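Everything on this sheet refers to the single structure shown next.
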Amino acid sequence: MKQGNGTVPRIGVYVCHCGTNIAGNVDVKAVVDFASKLPGVVVAREYKYMCSDPGQSLIKNDIREKNLNRVIVASCSPHLHEHTFRHATLEGGQNPYLFHMVNIREQVSWVTEDKMSATEKAKALVEAAVYRVRYHEALETKEVPVNPDVLIIGGGIAGITAALTLANAGKKVYLVERDYSIGGHMAKFDKTFPTLDCASCILTPKMTAVKDHPNIHLFTYSEILEIDGYVGNFTARILKKPRYVIEDRCIGCYVCVEHCVYKTPKFPSEFDEGLGLRKPVFIPFPQAVPLIAAIDPETCIEFKSHRCKKTCQEACRDLVGRDAIDFTQREEVVEVQVGAIIVATGFKTFDARRIPEYGYGRYPNVYTSLEIERLVNSSGPTGGEIVMRDGRKPRRVGIIHCVGSRDRNFNPWCSRVCCMYSLKLAHLVRERTGAEVYNFYIDIRTPGKGYEEFYEKLMQEGVHFIRGKVAEVTDWTITPEETGKLVIRVEDSLVGVVRRIPVDMVILSVGLEPRDDAEEVRRQLNISCSSEGWFLERHPKLAPVSTFTDGIFIAGACQGPKDIPDTVAQAGAAAAEALALIDRGSVELEPNIAVIDEQKCSGCHVCIALCPYSAIAFNEEKNVAVINEALCKGCGVCVGTCPSKAITQQLFTDEELLAEIEGVLLV
Amino acid sequence: MKKKVAFYWCASCGGCEEAVVDLAEFLLDALEQIEIVFWPVAMDFKIEDVEQLTDGEIFASFINGAVLLSDQEEVVRLLRRKSQVVVAFGSCSHQGGVPGLINTHDRQDVFDYYYHNGPTVQRNGNEMPTPTGAKAFHVALPEYYGKARPLNQVIEVDYYIPGCAPPPNVVKDALLQLLSDSPPPRGTVLAGAHSLCSECPLNETKPPEGFKIKQFVRPSQVTHIDPDTCLLMQGLPCLGPVTRSGCNALCIKGHMPCTGCFGPLDGVRDFGAAALSFLASLIDSNDEAEIQRIIDEGLPDPLGTFYMYSFPGSLLNEVLQKGRQKARAWREREETVEAQTTENQ
Ligand SMILES: Cc1cc2nc3c(=O)[nH]c(=O)nc-3n(C[C@H](O)[C@H](O)[C@H](O)COP(=O)(O)OP(=O)(O)OC[C@H]3O[C@@H](n4cnc5c(N)ncnc54)[C@H](O)[C@@H]3O)c2cc1C
Ligand code: SF4
Ligand code: SF4
C-alpha cells in the first residue's frame, strides 16, 4: 500500500450500531475486528450511537490520547452526520477534512438482504475508507459574506407569510408569483375551516400589506428562468411576462374592462374555475393584488387579427387619462441577487377526470371541491348563491371524500385537508340551501386543534355520513325517486349493504398533488423531490423547512399536503431559517472544489466552456485557466476533462478515488 | 574517455534512425565526446561485440521500435545489462507506436492474413514461419509473441525521447541533458512539460470564454483550412491539448492536426482515454442522437484517432489481452474435454 500524503497515517475507525438500524443487519463486531487489522489503523471501536455526545467524545479523546490523524466513522448517510463528525474531529484537534464517513446504513444494512453479505459489504467500504484517508489533506474552508436579500417563489399564503415576516424584520424580499395576483388557493375560498372565518377578511389585508410594504418587491405574472450561485450568493433571473398593461399606470378602475368591444364576458374565468366568465381584458378578482388589469392574447381580437377597435385602450387613455394599455409590451428579464431562497409553490388539485366512474366532465352537476369553493364565495360567479349548471338549486348533495387520495390506483397519500374542507363545504351548502348533505368517507380524519369539535358540530347539524368508498356516480336511475337525479352507488361498510343515494349535486373532494412543474423547479434549484414529487426536506423531523441545498428553504403545500395553519407555521419557520442565515453574515464554503495547478495548466482552454457554473475564466497574462472558488460547485466536469491533469478536486483527488477502489476490491 | 553509446532498432519504420542521421553536424560534433559501439543500421558491429563489453560499460543505449519478436527482446535485455542508461527513442519504443496497433488482432489472424489471406499473398501450401525456421534455408526465425510491447514492458527504461520520429531539436536537447552534469530524474520524458497548445501559435486564437465543437471533420474532408484559427475550433480532431509539447507544433504549422505522437503528459494513465474524454466533452450538444451523429460522421476511426501511437501501453490493451488470455484458456479446456470424449468413445 502506498504511503499517501507523507504523514504516517494513524487511523481511528468507529463503527456505529445506530441502535438496531445497523447492528440488526451487520455484524458490527466483525467489522471492527476486521478494521483493527487494516494497515494504519491504530484504534477501531464500536458504539451504539456514534452521533451522541459520548460517541463523539470517543473520537475526540482518541485523537488526543492516541495521536490520531485520520478519523473514519462507519454509520449513516453523510447528509445526516458528516458535519457532526467533522466537528468532533475539529474539536479533538485535527483538521475536519481528515475525517471520512462511510455509509453502512442507507447503503448497506437497510438495503442488503442477509446479514453475511451486509457484513462483507460494510467491511469492503471500511477498507476503502482506510485506503482513502491516507491521501486526505488538511483543507481550509472559505468564508463568504451572505447577501441579506431573500427571494420567495410562489405567492400563496405560504409565500405571503414568509415575505411579510422577513420584510418586517427589515430584510428586502423579492416575491415572484406566476399568476396575475398573489393569494394562491386561499384567495379562492369563502370560509376556512374549522373556525369558518372569512378567508378574504384574513387574507386580503395580508395581500395588501405585501403590496404596500417598502421592503417587498413584488413580481406577479412572472417566473424564474434560472438560479445560479450558492448559499448566501444566489443570482436569480426572473421573467416578467407581458400583461399588456403598464403596471404603474393602471389603477384597477375596471374602465377598460367595461369598454371592451365584448359587451358581456364571454370566456371562462380561470380564477373562477371556469364557472364564471371574463372578457379578454380583465382583473382576475376584485381583491386581486396587485389590482391591475391584464389582457389575454389568446382571446383578445387585437392579438388575433390586429383589427380590433381597441376601445379598452381608448377608454383608459381618454376617460381615465392613464393610457396604461400597451399592446406592444414585451417580456422582460430582471436579475436579482439574494442570499436565501424560499420555495412556496404550493400544490395542484387532483384531476377528477382521471376517475371516469365519478362522472366529472360527463355530468354537469358533478363538481370539484374547488369549484364549489367559488360557488359558495360571495364574490364568486354566482355571488355566493349555490345554483347548479342547469340553474336549479340542489336539494340533495353528495360529497365524495378521498378522490384520488389514499387510492393505490392514484395517489397513496392522505391529502390531509379534504375531510375538513368537505365538512366545511357540507356546512356551507346546508346553511345556504337547506339541502340534505351526504358525506361519503373512508375514514374521517380530523387531527387538528378544534377539528374534531367541528366534525361533532356537523353531525349535530344533521349532515349525513356514510362510510364507504363510492363505486360510481350514474344517471342510470331505477326508482321514480331517482328520476332526474344522479345516483351515488356505495357499499355502506357500517351496515354492510350496497346503497343507492340519489342526489342533485355531487362534490368531489379532490386530493392535493405536486405541481406539474415541480420537477422543473426542483432542477432549477438543485433541490430534491420525494418519489411522489413533493419537495424534500433535509430531515422529516428536525429540519422540515431546509433542503439539501444550503440557503434554499421550503414552505407550505409544496412540501406535502397541509392546511393553512400548518402552512403558515412552516412559512414562519422558513423565514426564521432565512433570517438566521442572513444574520450570521457569512457562510463557510465546503472545500470540495476544483483547483487548477497553475504550474501544470497548458492554457488549452478546453475546460472553460464546459463548466456548467461558468466558474472558469482564462488569465491571458499567465496563459492559464483559473477557477473562481466561490462559483465552483465541485461537480468535477473539468477535472475529468483537463488533458494536462492540471485540475484536482479537493476531497476527490485521483489518488483518493483510486485508493478507495483498491480498498473495495481487496476484501 | 569518450562515453560509449549504442543505437538499436526493434519493430520500427526506420524513421527514428533517420532522426539520428538528421542530427548531421551535431552528431559529428558529439562524436568528440561519444563513441558509438553498436548501431546495426549504419555500422558493422555484431552482437558478439556487445556481449564482450563489461556490464554497464555502455553509457547509454538508444532503442527505437516496439518489441515484437524474440530476437528484439534478447538484444534489448543484453543492452540493458551493458548500459548505465537506457533511452526509449521515439513513439514505438515509448508507447508502442503504430506497429502497436497489431495488438488489436490475434496472433493467428495476423499470420493467416500475412501468409494466406492477404490480397497480395500467393497461396501455395500451408507454410508458416515457425521459430525453428524454414528448414530449406537452415535458418532459425525469431518468434512473434502475438503482441507488440513498448520498451518499458520488457526492460527498465530510464528516459524517453518522444516523437514519430523525434524531431532534431528534441533529440539534441535530450542528448545535452543526458550528457550534462545534472541529468534529469529517471523516468523523465525528455520534451516539454505542458501540452502542445502551450507552444502552438494558434492557441491565442481561442476565445477567452472557451469553445465547443458542433462537428468534427477529417483533414481529407476539408478543402480549406483556415491557417489563422485553432484547428480544433474548426472541427479538426487536433490532439494538441492532450499531447506533450516539444515539437514546436510542426504539424500544425503544416496545417495538419496533431495526432499525438509525443504521448501524454505526466500523470495521464491512458493517452487515448484522456484524448477521448477531452474531445467528447467539447461536443456542443446534449442530445444523444445528435452526439452519435457528430461522432459517426466526424470520428469514424476512434481507435486510430485516439490510440494511433499508444495502444500497447493503454488500459484498453490490458483489458483486451486479459480477455484474449481467458478466451484461449477457455478454448483449450473445451478442446481437452472434446479430446477426452472422443477418446472415451
Ligand atoms: C378545496 C380546498 C379547500 C381548502 N380549504 C381549506 C380551509 O378551509 N382551511 C385550511 O386551512 N386549508 C384549506 N385548504 C388547504 C389550503 O389550500 C392550503 O393549505 C394552502 O393553500 C397552502 O398554501 P401554499 O401557499 O402552500 O400553496 P398555494 O395556495 O397553492 O399557493 C402557491 C402559489 O405559488 C404560485 N406558484 C406555483 N408555482 C410557481 C412557480 N413555479 N413560480 C412562481 N409562482 C408559483 C401559485 O400560483 C400560487 O399562487 C383547502 C384546499 C382545497 C383544495
Ligand atoms: S483544460 Fe487543463 S490545461 Fe487546459 S486550460 Fe483548463 S486547466 Fe489548463
Ligand atoms: S468542478 Fe470544474 S466544471 Fe465543475 S463547477 Fe468546479 S470549475 Fe466548474
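Each chain gets a letter, A, B and so on, in the order the sequences are listed, and its residues count up from 1. Small disclaimer: the values here were computed from a predicted structure and weren't measured.
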A side-chain contact here means heavy atoms from C-beta on lying under 4.5 Å apart; do B:Glu204 and A:Asn623 qualify? no
So which heavy atom on B:Val268 is nearest to which on A:Pro643, and how close? CG2-O, 3.8 Å
Measure across A:Ser602 and B:Ser195 and return the closest heavy-atom pair with its distance rounded to 0.1 Å. OG-N, 2.7 Å
Pick one of side chain, backbone, both or neither for B:Asp284, based on which atoms fall under 4.5 Å of a heavy atom in chain A. neither
For B:Asp287, does the CG atom have more than 12 heavy-atom neighbours from other residues, nucleotides or ligands under 6.0 Å away? yes
A:Val606 side chain near B:Cys197 side chain, heavy-atom distance below 4.5 Å: no
What do you reckon, is NZ of A:Lys622 surrounded by more than 12 foreign heavy atoms closer than 6.0 Å? no
Are any side-chain N or O atoms of B:Lys206 and backbone N or O atoms of A:Cys604, one a donor and one an acceptor, separated by less than 3.5 Å? yes
Can you tell which of B:Ser245, B:Pro208, B:Gly267, B:Ser277 has the highest number of heavy-atom pairs within less than 4.5 Å of chain A? B:Pro208
Measuring from atom NE2 of A:His605 to atom OG1 of B:Thr205, what distance do you get when rounded to the nearest 0.5 angstrom? 8.5 Å
Got a sec: does the CD of A:Glu331 have more than 12 other heavy atoms crowding it under 6.0 Å? no
Restricting to non-hydrogen atoms, name the atom on A:Gly603 and the atom on B:Asn203 that form the minimum distance, rounded to 0.1 Å. O-ND2, 3.0 Å
Under 6.0 Å from the CD atom of B:Glu290, do we count more than 12 heavy atoms belonging to anything else shown? yes
What do you reckon, is CD of B:Glu288 surrounded by more than 12 foreign heavy atoms closer than 6.0 Å? no
Segment of B:Pro264 engaging chain A (4.5 angstrom heavy-atom cut-off): neither
Can you give me the closest heavy-atom contact between B:Asp266 and A:Lys645, atom names plus distance? O-CB, 4.2 Å
